[in-house]
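Since the structure is predicted, the reported quantities are computational estimates derived from the model, not experimental observations. Basis for what follows: all heavy atoms, side chains included, without hydrogens, waters or symmetry-related copies.
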Amino acid sequence: MRSPRVAISVVLLALVAVSLTGISRAARRTERPQRNDILCPQLIAAYHGAEPLADKRSASDQGKGIIEDIPEKYATRYQNWKREFLSTEAGREQWALYQDNTHFTLKITISRDNAEGATTGDYEWNAGKLVAATITLGTRLDAGYPNPIYFPVMNSLGPTESFDRVSGVTLAATKIAHEFGHVNRTAKVDHVLYQLQSQLMPEYNRIFLSNGRNANDPRLIELAGKIGGTPVEIWEDREYWGEANAMVYLRDRITEESLRCPLFTRIRRSVDLYARSYEMRFLEVVQASPSRKICGWQ
């Protein structure tokens with residue numbers, strides 16, 4: 001009689017083990033979502049939205065330095081966000097870099113279309129050099145936390161039981177720093193490659209969707225070779241440059257260790273989960289202030 005009971009017990013234990021394994025795998029999938037060429041644009045578009053239609057006039061023809069095209073009804077909140085950004089050394093340095101540049105036009109405007117997000121675009125090049133860009137801020141920039149996968153820094157500002165002291169104004173300034181990071185980086189990249197990427201990434205995604213999501217398709221491999229990676233790799237590289245600059249702002253803005261350490265620990269956790277291959281980009285920001293604790297970073 002024992003043998004059947006033992007056999008039944010073994011079967012039940014095996015079923016439980018399989019069930020727990022399935023739950024464990026599902027939990028891991030929730031904790032660390034799988035990236036693919038559809039997930040990336042969706043998550044990024046959720047924050048950046050669609051790039052606004054370009055002004056009929058060339059941005060570079062509207063003047064030089066920083067042009068602030070802010071509707072009067074949003075002027076007060078914008079000035080609060082700007083003041084917060086400029087309260088840091090990093091913010092002042094980057095603002096001056098463009099304000100005093102007689103060969104560059106940085107237009108900053110506000111739109112209701114993507115209220116809690118921001119985007120940067122309308123890039124213009126002249127003789128291979130970036131000469132103009134437009135940053136479009138949402139009307140509720142001081143609310144909303146982007147997902148941690150591509151925005152580990154901005155997401156870290158979300159309130160928790162032990163971390164709830166970052167104001168909406170600081171959140172808005174962090175988002176501004178992220179957009180400045182996009183301009184800073186785009187000014188350094190090969191403009192021919194950047195434009196080729198923008199041209200061919202939609203074609204890559206079209207093929208990817210139509211071939212059963214087979215990334216080993218020779219056509220996709222050829223396209224990835226031309227543009228320097230898959231669309232996911234290109235988009236994540238761009239976003240993590242923006243986030244690294246957001247972290248530079250927060251490094252200067254939040255100096256109280258009781259707040260800074262929990263914040264940086266949260267950033268480190270998200271970087272470990274979703275951006276481990278880019279960890280040095282963020283670690284360098286932390287190490288740039290050797291007199292302060294690195295707070296969870298090694």
Side-chain angles (χ1 to χ4, degrees), residues 40-71 74 78 81-82 85 94-95 97-99 101 103-141 144 146 150-151 154 172-205 227-229 231-246:
C40 175
Q42 287 178 343
L43 292 178
I44 291 174
Y47 171 71
H48 283 304
E51 185 175 330
L53 295 175
D55 193 308
K56 293 182 180 180
R57 298 171 297 165
S58 169
S60 58
D61 290 338
Q62 299 177 44
K64 299 299 179 182
I66 295 180
I67 298 174
E68 298 167 276
D69 184 12
I70 309 297
Y74 304 124
Y78 168 74
W81 302 340
K82 173 184 173 181
F85 180 63
Q94 292 185 36
W95 190 274
L97 176 66
Y98 296 105
Q99 181 68 70
N101 191 337
H103 302 288
F104 194 92
T105 301
L106 178 59
K107 181 179 178 180
I108 301 177
T109 187
I110 283 184
S111 171
R112 296 179 298 174
D113 295 338
N114 184 29
E116 296 181 357
T119 190
T120 300
D122 291 353
Y123 293 117
E124 296 180 29
W125 284 268
N126 184 11
K129 292 185 178 181
L130 189 67
V131 296
T134 298
I135 293 175
T136 303
L137 309 175
T139 54
R140 297 196 305 273
L141 198 66
Y150 296 102
F151 307 98
M154 291 191 286
T174 305
K175 292 178 179 179
I176 291 174
H178 177 98
E179 300 309 317
F180 266 76
H182 282 306
V183 181
N184 297 342
R185 182 59 186 173
T186 305
K188 297 177 182 178
V189 301
D190 180 345
H191 75 289
V192 174
L193 177 60
Y194 188 97
Q195 292 171 323
L196 185 64
Q197 289 171 341
S198 299
Q199 176 187 349
L200 295 182
M201 282 195 293
E203 176 66 9
Y204 183 107
N205 284 330
I227 62 179
V232 166
E233 293 167 338
I234 293 167
W235 277 113
E236 69 182 11
D237 178 67
R238 292 179 182 179
E239 292 310 318
Y240 292 142
W241 280 118
E243 284 295 87
N245 200 58

- request: Taking all non-hydrogen atoms of both residues into account, name the closest pair between Glu239 and Tyr150 and its distance.
  value: CB-O, 3.8 Å
- request: Compare all side-chain heavy atoms of Phe151 with those of Glu243 and state whether any distance is below 4.5 angstrom.
  value: yes
query: Can you tell if the side chain of His103 reaches within under 4.5 Å of the side chain of Lys129, non-hydrogen atoms only?
result: no
field: Qualifying residues under side-chain hydrogen bond (donor to acceptor under 3.5 Å, both in side chains), relative to Asn184, sequence neighbours excluded
entry: Gln94, Tyr98
- line: Residues passing the side chain to side chain contact (heavy atoms under 4.5 Å, CB included) test with Ala115, sequence neighbours excluded, are Thr139, Arg140
Test item: Met154 and Tyr47 side chains (from C-beta on) under 4.5 Å apart, heavy atoms: yes
task: With rounding to the nearest 0.5 Å, note down the distance linking CG in Leu43 to NE2 in His48.
output: 11.5 Å
message: Once side-chain hydrogen bond (donor to acceptor under 3.5 Å, both in side chains) is applied, do any residues pair with Gln197, and if so which ones, sequence neighbours excluded?
response: Arg238
- prompt: Looking at OG1 of Thr119 and NE2 of His182, how far apart are the two atoms once the value is rounded to the nearest 0.5 Å?
  reply: 7.5 Å
Spatial distance of atom CD (Gln195) from atom CH2 (Trp125) [nearest 0.5 Å]: 5.0 Å
task: First locate atom CG of Asp69, then atom OG of Ser111, and finally report the distance between them rounded to the nearest 0.5 Å.
output: 11.0 Å
- line: Correct closest heavy-atom pair for Asn245 and Ala177 would be ND2-O, 2.7 Å
message: Would Glu124 and Leu130 count as a side-chain contact (heavy atoms from CB on, under 4.5 Å) here? Give the steps.
response: CA-CA 6 Å; Glu124 296 180 29; Leu130 189 67; 5.8 Å; no
Distance, nearest 0.5 Å, that separates CD1 of Ile67 from OG1 of Thr134: 8.5 Å
statement: Those residues at least two apart in sequence (or on a different chain) that pass side chain to side chain contact (heavy atoms under 4.5 Å, CB included) with Ala173 are Glu84, Phe85, Tyr249
message: Run the side-chain hydrogen bond (donor to acceptor under 3.5 Å, both in side chains) test against Thr109 and tell me which residues pass, sequence neighbours left out.
response: none
field: Gap between atom CG of Leu137 and atom CD1 of Ile176 - 0.5 Å precision
entry: 5.0 Å
Residue list, side chain to side chain contact (heavy atoms under 4.5 Å, CB included) with Gln199, at least two apart or on another chain: Leu196
- prompt: Which heavy-atom pair separates Asn205 from Pro231 by the least distance, and what is that distance?
  reply: OD1-CG, 3.9 Å
statement: For Asp237, the side chain to side chain contact (heavy atoms under 4.5 Å, CB included) test, sequence neighbours excluded, returns Trp241, Tyr278, Arg281
message: When you compare the side chain of Trp95 with that of Leu106, does any pair of heavy atoms fall below 4.5 Å?
response: no
query: Can you check whether Tyr194 and Tyr123 have ring centres sitting under 6.0 Å from each other?
result: yes
Verdict with supporting geometry, Asp122 and Lys107, salt bridge (Lys or Arg N to Asp or Glu O under 4.0 Å): CA-CA 9 Å; Asp122 291 353; Lys107 181 179 178 180; over 6 Å; no
query: Can you name the residues that form a side-chain hydrogen bond (donor to acceptor under 3.5 Å, both in side chains) with Glu179, not counting sequence neighbours?
result: Thr120
field: Criterion side-chain contact (heavy atoms from CB on, under 4.5 Å) on Val183 and Phe104, from CA distance to verdict
entry: CA-CA 11 Å; Val183 181; Phe104 194 92; 4.0 Å; yes
task: Output all residues satisfying ring-ring contact (aromatic ring centres under 6.0 Å, His included) with Tyr78, sequence neighbours left out; order by chain, then residue number.
output: none
message: Is any side-chain heavy atom of Met201 closer than 4.5 Å to one of Ile234?
response: yes
- request: Please list, chain by chain and in numerical order, all residues satisfying salt bridge (Lys or Arg N to Asp or Glu O under 4.0 Å) with Asp190, sequence neighbours excluded.
  value: none
field: Salt bridge Lys82-Glu68, side-chain N to carboxylate O under 4.0 Å
entry: yes
query: Do Ile108 and Ile66 come close enough that some side-chain heavy atom pair is under 4.5 Å?
result: yes
query: For Ala172 and Leu141, which heavy atoms make the closest approach, and how far apart are they?
result: O-CD2, 3.5 Å
